[in-house]
Number of protein chains: 2
Amino acid sequence: MTIVQLEYIVAVDTYRSFVSAAEKCFVTQPTLSMQVQKLEDTLGVKIFDRTKQPVVPTEIGNDIIAQARVMLSEHQKIKEIISDRQKDLAGELKVGIIPTVAPYILPKIINQFIAKYPQVKLVVWEQTTEQIIQQLKLGMIDCGILSTPLHEPQLTETPLFYENFVAYVAKNSHLAKKKNINPDDINMEELWILNEGHCMRDQVLNICQRRKSSKGFQHFEYNTGSIETLKRMVDQNNGTTILPELALVDLTEKQLDKVRYFKSPEPAREISLVTQKNFIKRRMIDALKAEVLEFVPKRMKNKKKKDLIEI
Amino acid sequence: MTIVQLEYIVAVDTYRSFVSAAEKCFVTQPTLSMQVQKLEDTLGVKIFDRTKQPVVPTEIGNDIIAQARVMLSEHQKIKEIISDRQKDLAGELKVGIIPTVAPYILPKIINQFIAKYPQVKLVVWEQTTEQIIQQLKLGMIDCGILSTPLHEPQLTETPLFYENFVAYVAKNSHLAKKKNINPDDINMEELWILNEGHCMRDQVLNICQRRKSSKGFQHFEYNTGSIETLKRMVDQNNGTTILPELALVDLTEKQLDKVRYFKSPEPAREISLVTQKNFIKRRMIDALKAEVLEFVPKRMKNKKKKDLIEI
DNA sequence: TACAAACTATTGATTTTATCTATAGGCATG
DNA sequence: CATGCCTATAGATAAAATCAATAGTTTGTA
């Protein structure tokens, strides 16, 4: 018997359907079905009568579900013990973060963070990799969130996640017809990239192997530090740009149609939490890290089958 | 967070030691240590102060452990709901079981079974495989516990466990010097075997490939239907016999010294619960099955790396 | 202060478990 | 009796738990 299995039977009881219970639990229906079966096996009794439509709990199933709800509420209290304690965390935490990561992470976690740690003042600066490294060494900020490896012996890197790069392609591009693409498929002439100073600019150029051909004429040049601006350029004009995976979260259906994934191994960047070797404020930094990790999808925490692009 | 992790921290709190907590939980110390660490990671707090000897819970650790005890007691109640219901099971269950399995299974489970199911009358017959098959077909018994496969289309076999054969060797035998043995190492002249009618007799002969050589003279012949008798023959005279794994459970230290395991893949028999295709009393039979499975060690439930001997 | 004993942490291999995708099977309803 | 909705099953893959062996700590003792 596992806690998850209890959550599943409570969900099936609540929604009276395996399909919708599975949705609410963020798993597929077979996963949920099998776990419910397994629980029924270990207990040796049928909990649900599936011949009825909608499904109903059996007589003994009702008793079990009621007790499962009690147990889950006691389970919840363990977490509450922790969050009460977290209120103690106090002080100022200064964070440097690169602009190609910040908009896709911070807005998602900031509310939950300040609710959990009301005594902590979070001070964030959007800065380039170079600036963050300097500030860290000088002790002007407590930690940085940026793309690694940095090869800086004075600093400690703790990987948070591995983020794929994807192509974002206008309808009329030759890439739009492909399902998955190779870096080589990209014409440098139609590629929108960030201006200098951004590590992601260098990574994008690395992906495309700096094959900037001399043929063809650049009719104009555009300098921006914002990925969102590049995306709009593709939306409203044409061409192609490269987006980090987390930028896809808020896309509309229509925009998602423009996304083309790279063939495996997909190019990716490693995003890490970086601190000085001997840093203080460990608890606050751990809290920030936990918050980020909770938001990031599980698959992004695994480095396998990715082609990490250095700066 | 898993239920097992909570059991582990409660055990560490109770015994104030990772080593003895692990023993009580029937796992190794590293397993327990890692699960406790993992729980501390997911909660984001240290539960135990390991710099102290003996280990003591941290301040917040005490709160967590207290809540864990509450949760585990609610967990226990789920099982109680089931066992209350089980008291309902009533009627007579007639079971046929072969004599080479019965003494190693039934005495172990019978007390717990009648305590759990006070309304059930369990009627057991020790019989040979042939007899059990006949009785099952005639509906005179409800289920059989015997060595399979039987190749009887009218009957259904549900494997319960896979039991290795081992050699039991007198001190003065040439086998006593070996650590692990091959079936070929056994001299048929010094092998004590069951009399005819026992499926295990045929299996033992199969293991030793019926290499009964003509040289050598049998000074006497002994017929018994009891494995325990064969064992005594080895203990008090000499020679070798073959025992099923479960017969080792109650051996003394001295007797265990006489056990020689076969080299992998070890010869083994499959013991199954056998019923008619369309049988009734499903709930009682399921209950009996669950009881047996609870007693059998986990490793015996896995068929891998075993050389199943047919009858 | 150094040594032995007892305890906990770490590592690498192995087994077990959970999950997903794809597909089959079952039951109500028109 | 077909259609659609719902649950079960199968096969593959990824993740987690466990163990045996060993390294690293701490404590008590000489």
Side-chain angles (χ1 to χ4, degrees), chain A residues 1-9 11-42 46-58 61 161-162 264-265 293 296-306, chain B residues 1-9 11-42 46-58 61 161-162 264 293 297-306:
Chain A
M1 190 187 322
T2 69
I3 295 169
V4 171
Q5 285 171 348
L6 298 177
E7 287 169 343
Y8 288 172
I9 61 170
V12 172
D13 179 56
T14 304
Y15 299 104
R16 298 295 160 109
S17 148
F18 281 63
V19 170
S20 43
E23 270 172 30
K24 304 294 179 176
C25 296
F26 303 104
V27 293
T28 58
Q29 168 266 318
T31 297
L32 184 134
S33 282
M34 291 200 82
Q35 291 302 40
V36 172
Q37 273 185 48
K38 217 168 146 183
L39 180 58
E40 289 178 328
D41 282 355
T42 52
K46 273 262 167 294
I47 298 173
F48 295 103
D49 181 352
R50 298 148 167 88
T51 66
K52 298 278 197 336
Q53 199 54 245
V55 289
V56 290
T58 60
F161 56 89
Y162 300 89
S264 181
L293 287 178
V296 169
K298 198 156 85 177
R299 67 173 188 289
M300 293 180 66
K301 294 174 189 170
N302 191 329
K303 166 154 61 171
K304 275 179 207 161
K305 289 191 193 164
K306 306 205 175 200
Chain B
M1 191 189 320
T2 69
I3 294 168
V4 170
Q5 287 170 347
L6 298 177
E7 288 169 344
Y8 288 171
I9 60 170
V12 172
D13 179 56
T14 303
Y15 300 103
R16 297 296 161 110
S17 149
F18 281 62
V19 169
S20 42
E23 270 171 30
K24 304 293 179 178
C25 296
F26 303 105
V27 294
T28 58
Q29 168 266 317
T31 297
L32 184 133
S33 281
M34 290 200 84
Q35 290 304 356
V36 172
Q37 273 185 50
K38 217 169 146 182
L39 180 59
E40 289 178 327
D41 283 353
T42 51
K46 274 259 167 295
I47 297 173
F48 295 103
D49 181 353
R50 296 147 169 90
T51 67
K52 298 277 198 334
Q53 198 55 244
V55 288
V56 289
T58 59
F161 56 87
Y162 300 89
S264 182
L293 287 177
K298 195 159 88 177
R299 68 172 187 290
M300 294 181 65
K301 295 174 188 169
N302 193 327
K303 166 155 60 174
K304 275 178 207 161
K305 290 190 193 164
K306 305 204 173 199

Mind checking [X] for me? I need base, sugar-phosphate or nothing, with any heavy atom below 4.0 Å counting as a touch.
X: Phe48(A); value: nothing
X: Pro30(A); value: base
X: Thr31(B); value: base

Between Met34(B) and Val19(B), which has a closest nucleotide on DNA chain C that is more 5'?
-> Val19(B)
Taking the side chain as every heavy atom from C-beta outward, state whether [X] and [Y] have any atom pair closer than 4.5 Å.
X: Val19(B); Y: Glu23(B); result: yes
X: Leu6(A); Y: Leu39(A); result: yes
X: Tyr8(B); Y: Val27(B); result: yes
X: Leu32(B); Y: Val36(B); result: yes

Given [N], is OP1 or OP2 found less than 4.0 Å from the side-chain N or O atoms of [X]?
X: Tyr15(B); N: dC7(C); result: no
X: Ser33(A); N: dA8(D); result: yes
X: Thr28(A); N: dT21(C); result: no

What nucleotide among [options] has an atom nearest to a side-chain atom of [X]?
X: Arg50(A); options: dT8(C), dC20(C), dT7(D); answer: dT7(D)
X: Gln29(A); options: dT19(C), dA8(D), dA9(C); answer: dA8(D)
X: Phe18(B); options: dA8(D), dT18(D), dT8(C); answer: dT8(C)

Within this structure, what is the [atom1]-to-[atom2] distance between [X] and [N], rounded to whole angstrom?
X: Glu23(A); N: dT7(D); atom1: CD; atom2: P; answer: 11 Å
X: Asp49(B); N: dC7(C); atom1: CG; atom2: P; answer: 17 Å
X: Tyr8(A); N: dA8(D); atom1: OH; atom2: P; answer: 15 Å
X: Leu32(B); N: dC7(C); atom1: CG; atom2: P; answer: 14 Å
X: Arg16(A); N: dT7(D); atom1: CZ; atom2: C1'; answer: 17 Å
X: Met300(A); N: dA14(D); atom1: CE; atom2: P; answer: 17 Å
X: Glu7(A); N: dT19(C); atom1: CD; atom2: P; answer: 10 Å
X: Gln35(A); N: dC20(C); atom1: CD; atom2: C1'; answer: 13 Å

Taking for each residue the nucleotide of DNA chain D with the nearest heavy atom, is it Thr51(B) or Lys298(B) whose nucleotide lies nearer the 5' end?
-> Lys298(B)
For the side chain of Lys46(B) and the backbone of Thr58(B), is there at least one donor-acceptor N/O pair under 3.5 Å apart?
-> no
